[in-house]
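Some notes on the structure that comes next.
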Amino acid sequence: MSNKAKPQTSTWVSKTVKFLWIAFIAGFFGFILFVWMVSINFLGLFGTLPDFKALENPDSEIASELYSTDGVLLGQYFRENRSPVKYEDLSPSLVNALISTEDVRFENHSGIDMQAMMRVFVKSILLGQNAGGGSTLSQQTAKNLFKTRTDASQGLLSSIPGLGMLIIKTKEWIVATQLEKAYTKNEILTLYLNTSDFGSNAFGIKTAAKTFFNKTPADLAVQESAVLVGLFKAPSYYSPVYNPENSLRRRNTVLSQMRKNDALTESEYDSLSSLPIELNYSVANQNKGLATYFREIVKADLLKWTKENLKSDGSAYDLYGDGLKIYATIDSRMQTYAEEAVADHMETLQAKFYKEMGKRDPWIDENHKVIPNFIEDAVRRTEAYRLLKIRYGNDTDSINIKLNEKKKMKVFSWENGEVDTLMSSMDSLRYYKKFLQAGFMSMDAHTGQIKAWVGGLDHKYFKFDHVQRAKRQPGSTFKPFVYAAAIENGYSPCYSVIDQPVEVYIPGQPAWSPSNADGKFSYEKMTIRHAMAESVNSVTAYMMKKLSPKIVVETARRLGITSDLEEVPALALGVNDVSIFEMVGAFGTFVNKGEHTTPFYIDRIEDKNGNVIQQFTAKKRPAMSEEHAYLMTYMLRGGFEERGGTSQGVDWELRQDNELGGKTGTTQNASDGWYMGISKDLVSGTWVGGDDRAIHFRSWIDGQGGRTARPIWQNYMKKVYADKSLGYTKGSFPRPDRPLSIEINCDVYETESQRFADFDYDAKKNDF
């Protein structure tokens with residue numbers, strides 16, 4: 001009997017098969033163990049994963065939004081410009097483009113596409129070919145939401161080449177499967193679109209659609225959806241703005257994928273792929289849109305608010321990431337009318353200023369002489385000079401060379417908008433110093449809600465706000481506070497004074513004897529209503545002398561003036577600086593029946609889910625009686641109704657069937673032009689002048705408030721009345737129900753009172 005030897009080949013094959021099975025089983029269980037170790041961050045080797053609570057409530061930075069009272073988005077505050085949308089807000093073409101291009105089996109997997117993974121493994125690893133990405137939309141959403149590739153989520157093993165990427169992918173697989181359990185497919189798709197970066201500072205589909213096409217996601221056309229989906233591959237490389245050819249090619253690739261997946265027919269593809277990319281591109285920033293100055297004022301207040309208020313969990317609010325919704329009192333329609341009124345008038349006024357200026361510099365002293373070294377002194381107060389000083393120290397030659405070095409820049413102009421030019425820092429400063437500035441604010445007198453706020457000409461080029469932050473001498477617009485004190489002390493609007501020189505003397509202070517605007521005295525008797533209407537300085541000075549500066553200061557404070565006021569006789573003519581903001585609030589007291597309401601501009605703040613965090617209410621307090629307040633509206637009406645009143649030039653269209661009150665103001669040398677206007681519902685104030693007091697019209701006539709400031713108020717009010725949807729109508733100031741205790745019929749007053757007979761000539765001196 002012979003023994004046959006077993007074939008060597010059979011033994012080798014069986015051993016190989018056995019080895020492969022052992023390797024497969026070991027690899028399988030090893031991978032399971034690896035995934036488990038990653039999921040618990042074993043010994044801190046792999047880095048953290050989000051917990052279940054974070055998955056249920058993913059934390060993504062959302063821009064806070066500022067809305068007008070009529071629901072218009074005014075602006076946003078963000079680090080990442082992102083506003084979320086719901087699935088219902090997405091166009092079907094956008095959804096189809098996304099799924100066709102990024103994850104064709106999105107509806108059929110549970111977070112991991114094994115078919116795509118095998119394709120990547122075979123082509124990329126075994127064959128060395130480019131197989132594209134194998135990540136599902138769920139995995140990409142996990143990457144967007146939880147920043148799985150940032151340093152903060154890395155462990156000790158993450159720095160090892162190859163292994164680090166495997167750990168990242170494993171984390172994304174784990175999170176993707178958990179997301180699939182926690183959310184529906186539509187919710188995951190929406191989360192992905194809301195958290196993706198589209199470039200151009202556009203985060204999320206809502207912002208991207210607005211930035212590139214000025215549309216909402218629901219309104220995107222098929223080809224526009226394809227452009228945005230194409231950006232996911234590489235936002236910069238495929239940017240339709242900076243790389244239009246790449247973007248067009250990528251868009252057509254997306255359209256081709258849609259055709260492959262039956263989201264488009266062949267004819268639709270042919271038609272759409274032949275179209276050019278038509279953009280309506282605009283990157284959101286704080287210099288664009290409505291109420292730019294107002295948005296910056298609100299931002300400062302909101303930052304303060306976030307420091308003073310905490311969430312329910314004790315953490316601080318984040319204005320730039322918590323998605324707060326701030327509802328302002330500003331009305332977008334009235335804001336538009338105010339901005340148009342300022343721009344239209346200031347363009348015309350600037351041209352007039354240039355014409356008067358000619359080739360002369362506008363910075364002049366009291367004698368109308370050009371101030372020497374004005375620009376050289378001004379440049380030393382700039383940030384550019386400060387930085388050069390740090391760099392060059394006392395090397396003035398180097399500093400001067402840099403200051404006069406020309407460079408490319410864009411500058412503001414009324415005639416041509418933004419202008420590309422070559423200018424040095426000195427040239428630029430000289431150019432901008434020649435612009436007249438403006439500020440305007442309008443308030444609902446009964447609620448205290450600010451309806452329009454224009455802080456300047458253009459926020460991109462002139463950052464300084466002239467409504468609240470700027471304070472300037474109000475000139476004759478301060479006179480109503482003198483007359484308010486007189487009314488409260490029993491004087492009638494019919495009280496008569498002779499227009500003659502007045503001298504007021506206070507011990508320790510120089511004697512004060514003001515002249516009238518035209519330098520003349522009529523020596524005629526006039527009522528104080530007529531005197532305020534014509535803005536006669538001598539009569540105001542006489543009333544200040546009768547009342548005392550202390551009483552006038554106390555009255556102004558009570559009515560709403562918060563700036564420092566000196567108890568000096570010249571206060572009667574507005575020599576202390578005040579803001580438009582406080583002047584409008586104070587004049588509002590007259591219209592609001594003697595109750596002072598502090599102007600306010602934030603109605604409420606909501607969290608990202610629409611829950612009201614804080615509701616703001618008006619701060620009100622009684623400041624004067626209803627009768628005295630009505631008498632002051634009657635006094636202010638004098639500008640329109642008295643002969644020679646400074647509001648007589650207002651269009652008849654505005655005055656017809658209407659009661660209006662107003663007061664002009666012009667400071668010495670016409671450095672400041674003011675107008676305060678009131679109707680039965682609205683109080684508005686405007687200021688015009690150079691940022692530097694030395695910059696003004698040489699002609700006092702051209703620089704007076706009736707010509708520089710009043711037209712802005714007039715044009716604004718005409719637009720407000722023309723818009724019936726606003727609900728502001730013409731009409732009379734409501735008269736108190738009780739009979740007036742002070743006579744305003746001057747014929748009756750003169751018959752019944754002899755008090756005017758004492759006023760022949762001023763006694764020249766009066767001690768307080």
Side-chain angles (χ1 to χ4, degrees), residues 285-288 292-293 296 342-343 345-439 454-466 469-470 472 669-672 687-699 702-703 708:
N285 63 59
Q286 298 302 334
N287 296 318
K288 294 181 179 179
T292 47
Y293 290 89
E296 287 298 297
V342 169
H345 176 64
M346 291 306 295
E347 180 176 1
T348 302
L349 191 68
Q350 188 67 44
K352 187 176 182 180
F353 189 54
Y354 281 147
K355 186 176 181 180
E356 187 206 63
M357 186 192 318
K359 295 183 179 180
R360 301 173 297 184
D361 288 327
W363 33 88
I364 52 179
D365 59 21
E366 293 179 356
N367 299 314
H368 286 197
K369 301 292 185 183
V370 173
I371 299 172
N373 300 317
F374 178 85
I375 293 297
E376 289 76 10
D377 291 339
V379 79
R380 294 187 181 93
R381 299 190 291 270
T382 64
E383 180 68 8
Y385 183 86
R386 188 185 71 82
L387 294 175
L388 288 173
K389 186 71 175 173
I390 292 173
R391 182 176 179 182
Y392 293 107
N394 294 323
D395 186 355
T396 55
D397 289 341
S398 296
I399 292 174
N400 287 332
I401 288 172
K402 285 295 182 182
L403 287 174
N404 287 282
E405 185 178 81
K406 294 187 182 297
K407 46 189 176 289
K408 290 182 179 180
M409 64 173 68
K410 293 179 183 293
V411 297
F412 170 84
S413 78
W414 282 118
E415 302 85 1
N416 304 305
E418 268 190 347
V419 177
D420 290 304
T421 187
L422 280 173
M423 277 191 184
S424 67
S425 296
M426 293 294 286
D427 294 334
S428 174
L429 185 62
R430 180 180 293 274
Y431 175 76
Y432 281 123
K433 280 289 186 182
K434 295 178 179 179
F435 278 90
L436 294 175
Q437 300 294 330
V454 186
L457 309 181
D458 185 300
H459 190 262
K460 181 175 181 179
Y461 294 97
F462 307 100
K463 299 295 186 187
F464 190 61
D465 172 72
H466 294 92
R469 292 178 176 167
R472 298 293 286 258
N669 289 332
S671 294
D672 304 274
W687 165 89
V688 173
D691 266 338
D692 193 293
R693 295 173 206 259
I695 299 168
H696 51 78
F697 279 97
R698 290 171 180 263
S699 163
D702 289 335
T708 62

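- The minimum heavy-atom distance linking V419 with N416 is given by the pair CG2-CB, 3.9 Å.
- Partners of N394 according to the side-chain hydrogen bond (donor to acceptor under 3.5 Å, both in side chains) rule, which considers only residues two or more places apart in sequence or in another chain, are K389.
- Among I695, T708, D702, the one residue that satisfies the side chain to side chain contact (heavy atoms under 4.5 Å, CB included) test with F353 is I695.
- Closest approach of M346 and W414 over heavy atoms only: CB-CZ2, 3.7 Å.
- By the side chain to side chain contact (heavy atoms under 4.5 Å, CB included) test, E405 is found to be paired with K402, residues two or more places apart in sequence or in another chain being considered.
- Listed by chain and number, the residues in a side chain to side chain contact (heavy atoms under 4.5 Å, CB included) with D420 are K410 (sequence neighbours excluded).
- Applying the side chain to side chain contact (heavy atoms under 4.5 Å, CB included) test to D397 and every residue at least two apart in sequence or in another chain returns D395.
- The shortest distance between side-chain heavy atoms of K288 and K460 does not fall below 4.5 Å.
- In this structure, the side chain of H696 does not engage the main chain of D672 through any donor-acceptor pair within 3.5 Å.
- Side-chain contact between E376 and M426 is present, with at least one heavy-atom pair separated by less than 4.5 Å.
- Remark: E347 engages no residue in a side-chain hydrogen bond (donor to acceptor under 3.5 Å, both in side chains) (not counting sequence neighbours).
- Within the structure, salt bridge (Lys or Arg N to Asp or Glu O under 4.0 Å) pairs that include any residue of residues 359-372 comprise D361-R430 (at least two apart or interchain).
- Applying the salt bridge (charged side-chain N to carboxylate O under 4.0 Å, His left out) rule to R380 yields the partners D377; only residues at least two apart in sequence or on another chain are considered.
- One distance of note links CE of M409 with OG of S428; it measures 4.5 Å at 0.5 Å rounding.
- The two residues R693 and S671 have their closest heavy-atom pair at O-OG, 2.8 Å.
- Residue I399 holds its CD1 atom at 12.0 Å from CG of N404, rounded to the nearest 0.5 Å.
- Across all their heavy atoms, A694 and I371 have their closest contact at CB-CD1, 3.5 Å.
- For the atom pair CZ of F374 and CG of D692, the computed distance is 3.5 Å after rounding to the nearest 0.5 Å.
- Shown here are the ring-ring contact (aromatic ring centres under 6.0 Å, His included) partners of H466, two or more places apart in sequence or in another chain: F464, W687.
- Between the side chain of Q286 and the main chain of E296, no donor-acceptor pair closer than 3.5 Å is present.
- When each of N287, D465, T292 is paired with H459, the side chain to side chain donor-acceptor pair (under 3.5 Å) condition holds for N287 and for no other.
- D427 pairs by the side chain to side chain contact (heavy atoms under 4.5 Å, CB included) definition with K406, M423, S424, not counting sequence neighbours.
- Applying the ring-ring contact (aromatic ring centres under 6.0 Å, His included) test to Y392 and every residue at least two apart in sequence or in another chain returns nothing.
- A distance of 10.0 Å separates NZ in K407 from CG in L422, rounded to the nearest 0.5 Å.
- Expressed to the nearest 0.5 Å, how far CD1 of I375 lies from NZ of K433 amounts to 7.0 Å.
- A donor-acceptor distance shorter than 3.5 angstrom exists from the side chain of Q350 to the backbone of L436, with no hydrogens or angles considered.
- Residues meeting the ring-ring contact (aromatic ring centres under 6.0 Å, His included) test with Y385, sequence neighbours left out: none.
- Evaluation of the ring-ring contact (aromatic ring centres under 6.0 Å, His included) rule for Y431 yields F435 as partners, not counting sequence neighbours.
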